[in-house]
Amino acid sequence: MAHASGKVILCGEHAAVYGRPALACGIARGVFAHATPSVPSSLWIDGQRIDEGTETHSAFQALCRELDVRDRRVDVQLQMPTGVGLGASAAMAVAMARALLDSSETADAVAEARILAAADAWERLFHGNPSGIDAATAYAGGCIRFQKGSDFRGIDLRQSFELAIAVAGPPSATREMVAQVAQFRERDPVTFEQQLDAITSLVDDAEQCLLALDWPRLGALLDHNQTLLAEWKLSTPEIEDCRQLAREAGAWGAKLTGAGGGGCVIALPGELGSDPILAAWSRAGYRCFSSSIATVR
Ligand code: PMV
């Protein structure tokens with residue numbers, strides 16, 4: 001069985017679209033895939049066959065073409081929520097690409113590049129022009145520093161840590177949120193550049209905090225990133241509510257993760273751990289869970 005992780009973006013989303021660095025973490029929940037020879041090729045998700053002519057089937061064909069693998073039945077099992085901005089689509093793509101390469105004789109030393117290219121071919125059908133951060137995180141797991149156009153690298157954590165994750169609403173389309181941010185750039189390029197600089201600097205600081213295991217400061221940086229994202233109108237009342245509840249339950253910091261305009265909130269649990277945060281979110285009716293962020297990629 002091949003596997004790939006779901007993801008959260010710790011900080012730097014949207015700035016990543018402009019070539020700035022971002023930090024992302026693979027979460028414990030993810031996707032499993034298995035490929036077996038079969039004619040014609042078919043894709044099955046949680047036991048349901050995906051019909052030809054659908055967008056998902058076209059994306060599957062694009063992924064197989066990119067890998068140059070034919071005549072396979074691929075079975076996918078989702079062990080994470082979909083459609084909430086946790087990267088289920090990229091995790092599926094990476095798990096399928098791994099399974100297809102495992103099942104073929106063309107597996108080789110450049111598997112990483114091929115898997116990421118195949119995931120990109122899949123993602124383009126759904127997201128237009130993804131920066132690649134979802135696929136890179138699904139591929140690597142652990143915690144990574146990502147920069148569009150350069151290689152991503154794993155951050156060598158000395159200790160795993162936990163994040164609390166709440167679904168604060170249905171996610172907006174990433175494409176629309178990216179376009180919304182682009183309008184801020186058009187209107188005031190000077191301020192926009194300063195905001196990007198501020199995010200880049202907090203991403204650098206956050207990486208140092210991860211290496212030093214400085215959770216209180218990391219939490220403050222997450223809050224600072226949220227303030228900057230809110231200037232681009234990416235927050236919502238539900239996101240702010242989740243942040244407030246997390247703070248009251250002892251979180252060091254909390255922010256939206258991913259495209260914003262809905263979707264998920266991450267909170268860095270304080271000394272009391274994630275239980276009080278999850279309890280507060282559950283009481284308020286938010287779907288939520290915690291995930292350990294692994295030390296190795
Ligand atoms: O896929 P999402 O919703 O987690 O957002 C991806 C992060 C963005 O920076 C908003 C877009 C991108 O392609 O980097």
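One-based numbering along the sequence shown. In listed order, ligands and their atoms are each counted from 1. In this text, all values refer to a predicted model and were calculated from it rather than measured experimentally.
Taking a cutoff of 4.0 Å between a charged side-chain nitrogen and a carboxylate oxygen, R243 and D223 qualify as a salt bridge.
V181 places none of its side-chain heavy atoms less than 4.5 Å from the side chain of V17. By the 4.5 Å heavy-atom criterion applied to side chains, M80 and K7 are not counted as neighbours.
Between E248 and Q244, the side chains place a donor N or O and an acceptor N or O closer than 3.5 Å (distance only, hydrogens not considered).
Protein neighbours of ligand 1 below 4.0 Å, counting non-hydrogen atoms: K7, I9, E13, H14, V17, G85, P130, S131, I133, D134, T174, G258, A259.
Taken together through direct or relayed side-chain contacts under 4.5 Å among Ile, Leu, Val, Met, Phe, Trp and Tyr, L272 and W252 form parts of separate hydrophobic clusters.
Judged by the 6.0 Å distance and 45° axis criteria, R98 is positioned over the aromatic ring of Y139.
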